[in-house]
Amino acid sequence: MLQSYYKYRLFEILPGLTIWLTLFLSVLLSFIHPLWMIYFILIFDLYWVLRVAYFSFYLLLSWKRFRKAIKINWFEWLKNEIPDWEQKKNVIFLPIYNEEFGVVDATLSGFLASTYPAEKIYVVLSGEERNLEHWEKIQVKIKDKYAGKFADLIFNTHPFGLPDEIPGKGSNIHHAEFIFKDYADEKGWNYIDIIASVFDVDTIAHPEYFAHLTYIYCKHPRPDHSSFQPLTLYNNNLWESPSVLRIMAFGTSFWMLFSLGRLDNLVTFSSHSMSFKAIVNCGGHSKNIVSEDSRIFFQCWFANDGDYEVTPLYIPVSMDTVRDENWLRSLKNLYYQQRRWAWGVEHIPYLLWNFGKNKKISLWKKTAILFHEWEGKWSWAVVAILITLVGRLPLWVAGGEVRQSALFFNAPNILEVLMTLAMAGLLVSAIMSMLILPRRPGNHPRYGYLLMAVQWLLLPVSLIIFSSLPCLDAVTHLMRGKYLGFNVSVKKRT
């Protein structure tokens, strides 16, 4: 048992160790062998320019698919092409902690506005015993406004202090899933006919989302071997949020667009849908980790011996940025949200640990999925720092002999050309942000659109402070065995 503990701790240390070694060796080589470091930075910047082009290609490809998908009447397609579509039960899980009723109300109103009949949608609302007074008030308001408008409203109170749990979204959903399992068993439902959508409570689904989801689910040859990931847009309260929050929100949406288009190595994130059969088979969303939204994919992947995938949905769901009462608290919440997302590094030791237990999954599959997770966290932590800060260090500290070399004289010009090429990706992002931007509220001036474009100049600073540093914070906590709990993101609207 003790040997297993140290082995798992080693797996937890390794991701952060590779990240810190990269940064430490880059600084050390800048002083010891600056010429080597100049070669490295030039090659690395060239590689990153190619990555930007690769990213931009899939971003535009997904954008094209997204624009096409939202123009289709998916409910008509569903009725015309799927004779037994009414056998499917759409169930939505909404975990609630301290969100105000206005947030919950907007989400439920969005479900009612769906082209898919609301009377065929089951909503499981799960509040917390540790905030019981607030939860009871929310229940009363929900019942008063929405009773009889859905197939059923199922209320669950997640008890506080259950064994082997950490307080948070994962444990809340886990408890609600097995309460609903009893509900489904009483009705004699087949789990594969239940399409479960696990949403954050601020998730507003596009009117075509559930029709599109049900259509794709029914067309899938093995829907219990796939999760279904929508495009996530963080734009519910975008106009009211500070510029840095908007940039990071756009960045997350673009990352989702890129991931959906690329297909391979797509993992569930935030709000997602899947067969209830798959949920039951893998033991439900994890109740003792922070990143349950992506861990559920890996649970299913292992439960099916690597025979599990994520199917992209190009119909979006909209969510909130982490806006608070003032800009300083909003930025603080943004940092904590990014750190919580970066805490997904906890999947790496989980993968390494379970690889040894499952001999049916090929070495190639294991290597591919591990590389995707590891390289993703490594890039998240180091790329912005290497390009904007460390990349210039060898040019500043190089000695006289190095300064006489042709490479030293040409390096600044080469770097400038590479950075100019990389800026094309920034231009694509700025244009795309204007295309997915929600309509300007009447209380915002027309020049707000100009500010939305100019704000992208803040990107280099934003990437270091609100992307690289939170990721470094997360991996360092994991290295030290200082495990993070679930940080609830504060989201406010005007």
Side-chain angles (χ1 to χ4, degrees), residues 10 12-55 244 247-248 251 255 335 338-339 342 345 348 370-426 429 456-480 482:
L10 174 63
E12 291 178 332
I13 291 169
L14 287 176
L17 183 63
T18 58
I19 288 169
W20 280 110
L21 274 177
T22 299
L23 295 176
F24 174 75
L25 291 176
S26 296
V27 173
L28 185 64
L29 285 175
S30 295
F31 287 93
I32 299 177
H33 293 291
L35 200 59
W36 292 6
M37 195 59 196
I38 292 173
Y39 276 115
F40 169 75
I41 290 297
L42 290 175
I43 294 171
F44 183 80
D45 282 3
L46 177 60
Y47 160 76
W48 203 250
V49 168
L50 296 176
R51 281 287 298 267
V52 168
Y54 178 70
F55 176 86
V244 173
I247 291 173
M248 299 307 294
W255 172 74
Y335 181 92
Q338 293 291 319
R339 187 178 70 170
V345 69
I348 294 175
L370 179 64
F371 174 79
H372 172 72
E373 282 298 303
W374 205 318
E375 190 276 336
K377 298 303 181 294
W378 182 87
S379 296
W380 189 343
V382 307
V383 167
I385 295 175
L386 285 179
I387 290 177
T388 59
L389 298 178
V390 178
R392 301 290 176 176
L393 185 59
L395 298 176
W396 297 337
V397 301
E401 183 178 345
V402 174
R403 290 177 180 272
Q404 299 303 315
S405 66
L407 178 64
F408 182 87
F409 280 110
N410 291 318
N413 295 327
I414 298 173
L415 287 173
E416 184 178 349
V417 171
L418 292 175
M419 289 301 98
T420 301
L421 292 174
M423 287 294 287
L426 181 61
S429 297
W456 284 94
L457 296 175
L458 297 172
L459 183 63
V461 176
S462 300
L463 286 178
I464 293 177
I465 299 176
F466 296 107
S467 187
S468 291
L469 292 184
C471 189
L472 283 171
D473 193 351
V475 299
T476 304
H477 269 80
L478 187 62
M479 287 179 71
R480 299 173 60 207
K482 303 293 184 181

Can you name the closest pair of heavy atoms from [X] and [Y] and give their distance?
X: A342; Y: C471; result: CB-CA, 3.6 Å
X: P470; Y: I465; result: CD-O, 3.3 Å
X: T18; Y: P15; result: OG1-O, 2.7 Å

Could you list all the salt bridge (charged side-chain N to carboxylate O under 4.0 Å, His left out) pairs where at least one residue sits in [range], not counting sequence neighbours?
range: residues 461-470; value: none
range: residues 376-391; value: E373-K377
range: residues 466-477; value: R339-D473

Find the distance between [atom1] ([X]) and [atom2] ([Y]) and round it off to the nearest 0.5 Å.
X: L463; Y: Q338; atom1: CG; atom2: CD; result: 9.5 Å
X: S30; Y: I41; atom1: OG; atom2: CD1; result: 7.0 Å
X: W378; Y: T22; atom1: CH2; atom2: OG1; result: 5.5 Å

(request) May I ask you to check whether over 12 heavy atoms, not counting those of R51, lie within 6.0 Å of atom CZ? (result) yes
For [X], what residues pass the side-chain contact (heavy atoms from CB on, under 4.5 Å) criterion, not counting sequence neighbours?
X: L472; result: I19, W20, L23, A381, I385, L469
X: I13; result: R9, L17, M479
X: F371; result: E375

Partner residues of [X] under the ring pair (Phe, Tyr, Trp, His ring centres under 6.0 Å) criterion, sequence neighbours left out:
X: F55; result: F258
X: Y335; result: none
X: H33; result: W36

(message) The test is side chain to side chain contact (heavy atoms under 4.5 Å, CB included); show your working for W48 and I387 and say whether it passes.
(response) CA-CA 9 Å; W48 203 250; I387 290 177; 3.5 Å; yes
(message) Students often mix this up, so state it plainly: with edges at 30° and 60°, are the rings of F44 and Y47 parallel, tilted or perpendicular?
(response) tilted
(message) Taking side chain to side chain donor-acceptor pair (under 3.5 Å) as the definition, give me every residue that meets it alongside S467, ordered by chain and number, with sequence neighbours left out.
(response) W380
